[in-house]
Amino acid sequence: QVQLVESGGGLEQPGGSLRLSCAASGTIFRIYTMGWYRQAPGKQRELVADIKSGGISRYGDSVKGRFTISRDNAKNTVYLEMSSLKAEDTADYYCNAEVAISEVPFRTASIWGQGTQVTVSS
């Protein structure tokens, strides 16, 4: 089994910064894309940012220029540096990873973390 464990959420004031971490563990042959999604109350889950194993990243329009995603392949960990936080960034943040879980036969799976809450409020 593959698990993703997130950490780093919490309460922050508008304009502040937070750093989220997500570590993958278990039987992992290879991790492809890792990313962060968020879901605010009453809204659909949306992409925040993701990053391929080679380092190519993409961001949701609402976080471009404020958030930075990075990963440490040796640690199977992805990070999300969030700055200039706004009230509208308040949401549950979920880590996601596309991983190879079997080599023969070759199989991949999309794994989700349990979520970490981020609240931006004064």
Side-chain angles (χ1 to χ4, degrees):
Q1 279 188 331
V2 178
Q3 290 185 323
L4 300 177
V5 179
E6 300 124 329
S7 60
L11 174 65
E12 183 56 71
Q13 294 185 343
S17 300
L18 281 174
R19 186 192 199 211
L20 305 183
S21 299
C22 171
S25 62
T27 304
I28 301 170
F29 291 94
R30 183 173 180 179
I31 302 179
Y32 298 97
T33 302
M34 300 186 81
W36 292 93
Y37 290 74
R38 67 185 182 187
Q39 188 167 19
K43 294 188 176 181
Q44 288 189 329
R45 189 172 294 189
E46 63 174 359
L47 172 71
V48 177
D50 64 18
I51 183 168
K52 298 185 183 298
S53 57
I56 296 174
S57 59
R58 61 174 180 167
Y59 295 88
D61 288 341
S62 62
V63 306
K64 285 179 181 177
R66 300 188 298 121
F67 292 10
T68 301
I69 191 169
S70 62
R71 64 189 282 175
D72 184 332
N73 291 329
K75 296 181 179 179
N76 291 337
T77 300
V78 63
Y79 306 96
L80 185 68
E81 299 276 359
M82 304 185 292
S83 61
S84 302
L85 284 165
K86 304 175 182 180
E88 49 264 45
D89 294 319
T90 296
D92 290 324
Y93 283 70
Y94 296 89
C95 179
N96 176 262
E98 182 184 356
V99 303
I101 59 172
S102 174
E103 290 187 313
V104 180
F106 180 73
R107 289 192 299 157
T108 62
S110 181
I111 309 297
W112 291 92
Q114 80 285 355
T116 185
Q117 191 173 54
V118 171
T119 301
V120 183
S121 175
S122 56

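- Judged purely by atom type and a 3.5 angstrom limit, Thr108 has no side-chain atom pairing as donor or acceptor with the backbone of Ala100.
- A side-chain donor-acceptor contact under 3.5 Å links Asn73 to the backbone of Ser53.
- Considering CG of Leu4 and CD1 of Ile111, their distance stands at 6.5 Å, rounded to 0.5 Å.
- Checked by atom type and distance alone, the side chain of Tyr59 pairs as donor or acceptor with a backbone atom of Ile69 at under 3.5 Å.
- Between the side chain of Arg66 and the backbone N or O of Ser84 there is at least one donor-acceptor pair closer than 3.5 Å.
- Checking side-chain atoms of Glu6 against main-chain N and O of Gln114 turns up a donor-acceptor pair under 3.5 Å.
- Remark: the backbone N or O of Arg19 is not paired with any side-chain donor or acceptor of Glu81 at under 3.5 angstrom.
- Using modelled atom types and a 3.5 Å distance limit, the side chains of Ser110 and Asn96 yield a donor-acceptor pair.
- The side chain to side chain donor-acceptor pair (under 3.5 Å) with Arg38 is formed by just one residue from the set Thr116, Asp92, Asp89; it is Asp89.
- Rounded to the nearest 0.5 Å, atoms CD (Gln3) and SG (Cys22) are 11.0 Å apart.
- With sequence neighbours left out, the ring pair (Phe, Tyr, Trp, His ring centres under 6.0 Å) criterion links Tyr37 to Trp112.
- Residues Tyr79 and Trp36 fall into different hydrophobic clusters, defined by Ile, Leu, Val, Met, Phe, Trp and Tyr side chains chained together at heavy-atom separations under 4.5 Å.
- To the nearest 0.5 Å, atoms OG1 (Thr33) and CZ (Arg71) are separated by 7.0 Å.
- Note: Leu47 CG to Tyr94 OH = 15.0 Å, rounded to the nearest 0.5 Å.
- Counting only heavy atoms from C-beta outward, the side chains of Thr90 and Ser121 never approach each other to under 4.5 Å.
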